[in-house]
Amino acid sequence: MNSAIILAAGKGLRLKNKLPKQFITINGKQILSFSVRAFIEHPLIDEVIIVAMEKDIEKLKKEYPQCKIIKGGETRQESSTNGVNSVQPGAKNVVIHDAARPFVSKDSITECINKLDTHVATGPILDSTDSLVECHNGKYEHIDRSCIKKVLTPLGFRLETIKKAQSSNLTATGEINLVCQCDPNANIYLFKGDNYNFKITERSDLKFAEHLMHNNTHPNNSTFDASNKNVLILGGTGGIGNAIATRLSHFGANVTTVGSEISIQDQNSLDQFANQEWDIIIHSVGVVTYNKKSILKSIEQIDYNEWSEVIKINLTSAFLTCKLALKTITKGGHLLFIGSSASARGRDSFGLYSSTKAALTNLSQSFAEEVKSKKIMVNLINPSRTATKMRAIFPEGENNLLLSPERVAEVATCYCHGNTTGEVFDLRVGD
Ligand code: CTP
Ligand code: MG
C-alpha cells in the first residue's frame, strides 16, 4: 500500500504574498489542487494526506473530501514527520511531495514507487546549470558543479526507512538528505527530474507557473472533462489523429473520425459534416506520399500534377476545414491543426512538404485572428519527428529520438479547451 503526503503547511515567506503560495488560485484553481489531483488519480496511490496549518484544516476538509487532512509543524521536517505518522495501517511506502510543485508528472510518481522494490528511498534530481561558489565570510571558493544535484519532490520511501530517519535527532531541508545523513550507505535511487517540476518559491516562479497554467501546456494536465463534446477528427485513423481520438474518447467526448476514405481536399467533401454542431474540430491531414510514391524529392523531380494535388491535400483541406468550422462551431469551440516541425525551414527534398506546412502555420494564425470574436480558438501544434507509419518514409538516421503520438495527443488535448488562440506550439522530443 502506498500513501502520498502533500506538504502544505508552509507560510511562503519568500513569495511575499498575503496568502501562502499553495492556496493562490490560477484560472480559478488552487495551486495545491494540481498536486492533489495528480496523486488522487495515480493508480499506484492508495491514500492522499494533506499536511496543513491548523487554521486551514476545516476549510481543506471541505475542499478535498477525498483526502485526510492533518496538522503540520513549524518546519517542513515537522510537517513531513506528522504526515508519515498518520499513514493508514498497512502502508508499505510513502511518497512525500511539496504542494508548491504543481507540475508533478505521473511518470515521476510511478518511478518513485516502482523503484522502492529495490531501493529504500527514491526521488528526482536535477543538475545545476549555473556555476557554483561556496561563500564564507565574503571569501569565495569554486565548487565543481558536476557533483552537485538539486533534489526535487516527490520523494519515495519505504515506511520503516523514513520513520527511522525522522526519529533520529538529525535535521535537514528534505527527507532524502535526512535519510542519507542517517545512513550514508542507504540504497537510494535518484533519477533525472524535469524542469517543469519546479517549486514556486519566488515571484518569478509564480509568473512562470501562471503562464503555463493559462496556456494549459504543462505536463500535469491529465484530465479534461470532454463529456457531451462533439469532436470531429479529420485524418483520424492513423498515428497522431488516432491517438487524439483515443484520448478525447477517454475523456468522454463523442468522437467522429474520418480518414483517407474521403478526399478531404475536394470542394464538397466536408458537406456531410456541416449539418451538426461541433465543439472541437481537429485537422491532422497531411501526406508525404502521392500515388504511393514519396513526395520528398527535388523540385526538379516533382511534376505539376503531383505538386497541385499535394497542395490540395495538405493545405486546401485546411482551408475547407476553416470553412466547416465557420458553419458548425457557432457557440464557440476549438479548431486545432496538426502541422510539422518541417515548417520551420525548407531543405533539400522537402520543398513541397515543408511549404505546405509553413502555409498551414500562417493559415491557422490568420484564421485565429479572424474568428476571435466568434469564440473559435484556433491553434496549431508542429510536432517534431513522431513515431508514426508515415515516418518510415523519412530519410535514414532521422528516426531516432521520436515523439510518441500519445505525447502529441496529450498536448493536443490542452488545445481542446481553454481560451488560448493563435498559438503555434513547436513540440519537440522531451517537451
Ligand atoms: N511546508 C510545510 N510545513 C512547513 C514548511 C513548509 O508543509 N512548516 C511545505 C510548504 O507548504 C511547501 C513545501 O513544504 O509546499 C516546500 O517548502 P517551501 O518551498 O520552503 O515553502 P514555504 O516554507 O511555505 O516557503 P518559504 O520557505 O518561502 O516560507
Ligand atoms: Mg520554507
Side-chain angles (χ1 to χ4, degrees), residues 3-26 29-40 45 47-61 63-64 67-87 94-105 108-109 112 121 123-126 128 149-157 162 165-166 170-179 193-210 212-213 218 220:
S3 302
I5 296 166
I6 301 179
L7 300 176
K11 298 193 175 82
L13 298 177
R14 283 170 288 181
L15 196 74
K16 300 185 180 78
N17 195 66
K18 254 194 202 151
L19 204 60
K21 54 197 177 187
Q22 59 274 25
F23 302 130
I24 296 174
T25 52
I26 301 177
K29 284 194 199 127
Q30 230 171 40
I31 286 176
L32 168 65
S33 72
F34 284 77
S35 319
V36 170
R37 197 184 69 192
F39 284 93
I40 281 183
I45 296 291
E47 71 166 340
V48 178
I49 299 166
I50 301 175
V51 186
M53 280 185 272
E54 192 162 19
K55 66 178 179 52
D56 296 318
I57 290 181
E58 285 313 311
K59 185 179 61 138
L60 290 175
K61 276 186 182 163
E63 287 170 354
Y64 301 98
C67 303
K68 193 191 273 182
I69 317 288
I70 63 143
K71 182 173 168 288
E74 272 309 304
T75 63
R76 181 206 147 97
Q77 188 168 334
E78 278 175 45
S79 294
S80 87
T81 306
N82 291 358
V84 170
N85 288 337
S86 69
V87 298
V94 292
V95 184
I96 301 172
H97 183 64
D98 295 330
R101 292 182 197 271
F103 303 116
V104 55
S105 70
S108 64
I109 301 172
C112 273
I125 49 170
L126 283 178
S128 170
K149 307 290 170 199
K150 299 191 282 189
V151 183
L152 322 179
T153 70
L155 302 173
F157 302 93
I162 188 66
Q166 288 178 332
L170 297 162
T171 55
T173 48
E175 293 73 29
I176 285 286
N177 299 54
L178 200 61
V179 167
D194 70 86
N195 280 309
Y196 284 110
N197 188 17
F198 62 93
K199 181 157 65 75
I200 298 174
T201 307
E202 310 269 354
R203 215 70 215 169
S204 56
D205 302 320
L206 183 63
K207 287 279 159 222
F208 186 41
E210 271 174 345
L212 292 171
M213 286 177 188
H218 50 80
N220 183 9

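Counting starts at 1 for both ligands and their atoms, in listed order.
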I'd like to check which ligand 1 atoms, numbered from 1 as shown, lie under 4.0 Å from a non-hydrogen atom of [X].
X	value
Q22	11 (O)
S79	2 (C), 3 (N), 4 (C), 7 (O), 8 (N)
A100	15 (O)
K199	16 (C), 18 (P), 19 (O)
E74	8 (N)

When you measure from the heavy atoms of G73 to every atom of ligand 1, does any distance fall below 4.0 Å?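 For ligand 1, residue contact (heavy atoms, under 4.0 Å) with G73 is present.
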
Between [X] and ligand 1, which part of the residue brings a heavy atom under 4.0 Å of the ligand: side chain, backbone, both or neither?
X	result
T75	backbone
A8	backbone
R101	neither

Can you confirm, on distance only, whether ligand 1 has an N/O atom lying under 3.5 Å from any N/O atom belonging to [X]?
X	result
A9	yes
L13	yes
K11	yes
L15	no

For G83 and V51, which heavy atoms make the closest approach, and how far apart are they? CA-CG2, 3.9 Å

Taking all atoms of both residues into account, what is the closest heavy-atom pair of A8 and A99, and its distance?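 Smallest interatomic distance, heavy atoms only, reads CB-CB, 3.8 Å.
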
Salt bridge E175-R76, side-chain N to carboxylate O under 4.0 Å: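 R76 and E175: salt-bridged.
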
Cation over ring, K18 on F23, under 6.0 Å and within 45°?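 Geometry flag: not set, cation outside 6.0 Å or 45°.
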
Heavy atom of the protein closest to atom 13 (C) of ligand 1 (residue, atom name, distance):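 Protein heavy atom at minimum distance: D98 OD1, 3.4 Å.
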
Answer yes if the side chains of Q166 and S80 hold a donor-acceptor pair under 3.5 Å, and no otherwise. yes

Give the intermediate values and the outcome of side-chain contact (heavy atoms from CB on, under 4.5 Å) for residues L126 and K149. CA-CA 6 Å; L126 283 178; K149 307 290 170 199; over 6 Å; no

F198 and L212, any side-chain heavy atoms less than 4.5 Å apart: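 Contact flag for L212/F198 side chains = yes.
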
Could you tell me whether the side chain of I5 reaches within less than 4.5 Å of the side chain of V87, counting heavy atoms only? yes

